[in-house]
Amino acid sequence: MLLLLIMEGEPVNVNEFQELARLALPKMYYDYYDGGAEDQYTLKENVESFRKIALRPRILVDVSRIDLSTIILGHRISAPIMIAPTAFHKLAHPQGEVATARAAAASNTIMVLSYMSTCTVEEVASSCNAVRFFQLYVYKRRDISAQLVHRAERNGYKAIVLTVDAPRLGRREADIKNKMIAPQLNNFEGLISTKVDHDEGSNLEAFAKGTFDASFCWRDLGWLRAITNLPILIKGVLTREDAIKAMEVGVDGIIVSNHGARQLDYTPATICVLEEVVHAVGGKVPVLFDGGVRRGTDVFKALALGAQAVLVGRPVVYGLAAKGEYGVKRVIEMLKDELELTMTLSGCPGVKDISRSHIKTEQERLHSML
Ligand SMILES: Cc1cc2nc3c(=O)[nH]c(=O)nc-3n(C[C@H](O)[C@H](O)[C@H](O)COP(=O)(O)O)c2cc1C
Ligand SMILES: CCCCC(=O)C(=O)O
């Protein structure tokens, strides 16, 4: 409370929502949102690696009008900044994913609803007119996952985002200490319970181990294709090898992601592998990006390296925890405002003007010093 009083006025950047969220939430939940896997090396790298990329602005370009808008899988959005799927929004705010979706609608961007949402697929769909994608985990009970895909399709979700980096949950030590418990999920009422018979460590991890289908592999994408007409994006690609395989099985989009560093520690920061994946994809399908985006300059750098848009995870949850729907809206607005300023000062009137030559990676900097 005291800290709240000390922190003067409204947050001026998205990082400042984190402290507000910490003060607003029970420790178990804040730690769950905040945490990464094991040593949290990759967690820091995801953010820090952006700092090592320098900008190469151009001067004397007409920047009196800046257009942030872009088209993702045929949907025009106000800026290349989307909402990543994150679980359990009611642990952050009583209105849960409905508040997040309304903020997405107000900001005219796309929200990816988590498979582990606390509001139902139907509640979120009827709450506003945001363009929504549906994130999928595949359960051992394939019929349950198929049912959810059908419900998403019936309720106007525009794409399936298949998360492929979580055959099991990563080792998140704060969750182990806190014995993190998953809330009951209304989407699965009468189908499956998140309650586990487990006293030790993270109940969430135990739930995932018992429920997620770790046998799901490349050939099973045919199963998903067969049960839906929606475009399929795969989320969790970090290498050229997997990008090539994804092209071979015919996905409609790729999300470069290390799950916000919550799965396998010591994977590279996502911004460091983005270009490798972009080259392998060769423009055949859109490449989206997430991990560590906290500034408009970060969005600019990801676009310069070939992403069509970025997704934002933790800052959205922190905005929601601190100030509900308004907080999420502010987080998106702040990133948009910062991106607009970055484009103005870099000589890029539209997102298509942001090119590889507008940045210099650390490697390039070291090379040019030789
Ligand atoms: C609290 C939390 C819950 C998450 N839940 C999911 C989820 O249910 N499904 C999923 O595909 N990714 C999930 N993610 C990963 C995000 O979609 C995204 O990849 C990551 O948060 C991006 O990194 P950032 O938090 O640094 O923006 C979660 C991330 C966080 C922080
Ligand atoms: C079993 C819940 C998984 C949610 C998730 O993906 C995450 O916490 O990163």
Side-chain angles (χ1 to χ4, degrees), residues 14-15 17-18 21 25 28-37 40 42-50 81-92 97 100 111-118 133-139 148 160-172 174-175 180-185 187-188 192 194 196 202-213 233-238 255-264 267 269-271 288-295 298-299 302 310-321 331-332 335:
V14 306
N15 287 316
F17 278 100
Q18 180 165 356
L25 293 175
M28 179 192 278
Y29 300 158
Y30 174 77
D31 286 355
Y32 164 69
Y33 291 135
D34 177 54
Q40 306 193 123
T42 300
L43 185 65
K44 286 187 204 77
E45 283 291 297
N46 267 2
V47 172
E48 290 296 319
S49 295
F50 276 108
I81 301 166
M82 299 166 44
I83 297 183
T86 49
F88 313 146
H89 286 195
K90 276 193 183 169
L91 301 186
E97 290 81 3
T100 315
M111 170 184 182
V112 185
L113 182 72
S114 168
Y115 189 73
M116 309 298 285
S117 63
T118 37
F133 294 175
F134 181 68
Q135 180 259 321
L136 179 69
Y137 282 130
V138 180
Y139 280 173
L148 265 288
I160 300 296
V161 172
L162 176 70
T163 299
V164 291
D165 55 16
R168 279 178 57 182
L169 226 56
R171 183 179 161 80
R172 304 160 188 180
D175 292 351
M180 171 66 188
I181 296 171
Q184 285 307 311
L185 301 176
N187 268 331
F188 304 112
I192 211 159
T194 48
V196 286
S202 164
N203 282 19
L204 193 60
E205 199 275 326
F207 166 74
K209 194 172 179 185
T211 314
F212 288 16
D213 182 0
L233 291 86
I234 63 171
K235 173 174 180 280
V237 175
L238 292 174
I255 306 180
V256 173
S257 171
N258 57 23
H259 208 111
R262 295 160 73 79
Q263 288 298 104
L264 183 60
T267 55
T270 40
I271 196 65
L288 309 183
F289 169 90
D290 76 26
V293 173
R294 304 291 181 266
R295 285 283 185 188
D298 298 341
V299 183
V310 304
L311 295 89
V312 180
R314 290 182 184 80
V316 164
V317 178
Y318 296 146
L320 181 67
V331 163
I332 301 294
L335 291 173

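The analysis underlying the following values was restricted to heavy atoms, covering all of them including side chains, and did not include hydrogens, waters or symmetry mates. When a ligand or atom number is given, it counts from 1 through the structure's own listing order.
In this structure the side chain of V312 never reaches within 4.5 angstrom of the side chain of V299, judged on heavy atoms.
The neighbour count for K90 NZ, taken as heavy atoms of other residues, nucleotides or ligands under 6.0 Å away, is above 12.
The proximity of T163 to ligand 1, defined as any non-hydrogen pair under 4.0 Å, is limited to the side chain. Contacts between R172 and ligand 2, counted as non-hydrogen atom pairs separated by less than 4.0 Å, involve the side chain only. At a 4.0 Å heavy-atom cut-off, ligand 1 touches Y137 through the side chain alone. With a 4.0 Å cut-off on non-hydrogen atoms, Q263 does not touch ligand 2 at all.
In terms of protein heavy-atom proximity, atom 9 (N) of ligand 1 is closest to Q135 OE1, 2.9 Å. The nearest protein atom to atom 3 (C) of ligand 2, hydrogens excluded, is given as L169 CD1, 3.8 Å; this is a heavy-atom distance. When only non-hydrogen protein atoms are considered, atom 13 (C) of ligand 1 lies nearest to P85 O, 3.0 Å. In terms of protein heavy-atom proximity, atom 8 (O) of ligand 1 is nearest to S114 OG, 2.7 Å. Of the protein's non-hydrogen atoms, the one nearest atom 12 (N) of ligand 1 is K235 NZ, 3.0 Å. If you check which protein heavy atom lies closest to atom 6 (O) of ligand 2, you get Y137 OH, 2.5 Å. Closest to atom 4 (C) of ligand 2, if we only count protein heavy atoms, is Y32 OH, 3.5 Å. What sits closest to atom 18 (C) of ligand 1 on the protein, heavy atoms only, is D290 OD2, 3.3 Å. Here the heavy atom of the protein found nearest to atom 21 (O) of ligand 1 is G313 CA, 3.6 Å. For atom 5 (N) of ligand 1, the closest non-hydrogen atom of the protein is A87 N, 3.1 Å.
Side-chain polar atoms of N258 and T270 form no donor-acceptor pair below 3.5 angstrom. Looking only at atom types and distance, the side chain of R262 has no donor-acceptor partner in the side chain of Q40 under 3.5 Å away. Side chains of Y33 and Q18: a donor-acceptor N/O pair is absent below 3.5 angstrom, by distance only.
Annotation for ligand 1: atoms under 4.0 Å from non-hydrogen atoms of R314 are 24 (P), 25 (O), 26 (O), 27 (O), 31 (C). The atoms of ligand 1 that sit less than 4.0 Å from any heavy atom of Y32 are 1 (C), 3 (C). Remark: ligand 1 atoms within the under-4.0 Å shell around heavy atoms of R294 are 24 (P), 25 (O), 26 (O), 27 (O). Within ligand 2, the atoms closer than 4.0 Å to a non-hydrogen atom of A87 are 4 (C), numbered from 1 in the order shown. Shown in contact with A84 at under 4.0 Å from a heavy atom are these atoms of ligand 1, numbered in order with element: 17 (O). The atoms of ligand 1 that sit less than 4.0 Å from any heavy atom of S257 are 19 (O).
Using the six-membered ring where Trp is involved, F88 and Y32 have ring planes that are tilted, between 30° and 60° apart. Note: Y139 and F188 have tilted aromatic rings, judged against thresholds of 30 and 60 degrees for the angle between ring planes.
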- Query: Do T118 and L185 pass the side-chain contact (heavy atoms from CB on, under 4.5 Å) test, and can you show the C-alpha distance, the side-chain angles, and the key distance before you say yes or no?
  - Reply: CA-CA 5 Å; T118 37; L185 301 176; 4.0 Å; yes

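Taking a cutoff of 4.0 Å between a charged side-chain nitrogen and a carboxylate oxygen, E205 and R168 qualify as a salt bridge.
At distances below 3.5 Å, not a single donor-acceptor pair connects side-chain atoms of D34 with backbone N or O atoms of Y30. At distances below 3.5 Å, at least one donor-acceptor pair connects side-chain atoms of T42 with backbone N or O atoms of T267. For the pair R295 (side chain) and V14 (backbone), a donor-acceptor distance under 3.5 Å is absent.
Residue V293 has no nitrogen or oxygen atom sitting less than 3.5 Å from a nitrogen or oxygen atom of ligand 1, judged on distance alone.
Y115 does not count as a contact of ligand 1, since none of its heavy atoms falls under 4.0 Å from the ligand. Distances from ligand 2 to the non-hydrogen atoms of E205 include no value under 4.0 Å.
The side chain to side chain contact (heavy atoms under 4.5 Å, CB included) with R314 is formed by just one residue from the set L43, V293, V331; it is L43.
Taking OH of Y318 as the start and CG of L25 as the end, the distance is 9.0 Å to the nearest 0.5 Å.
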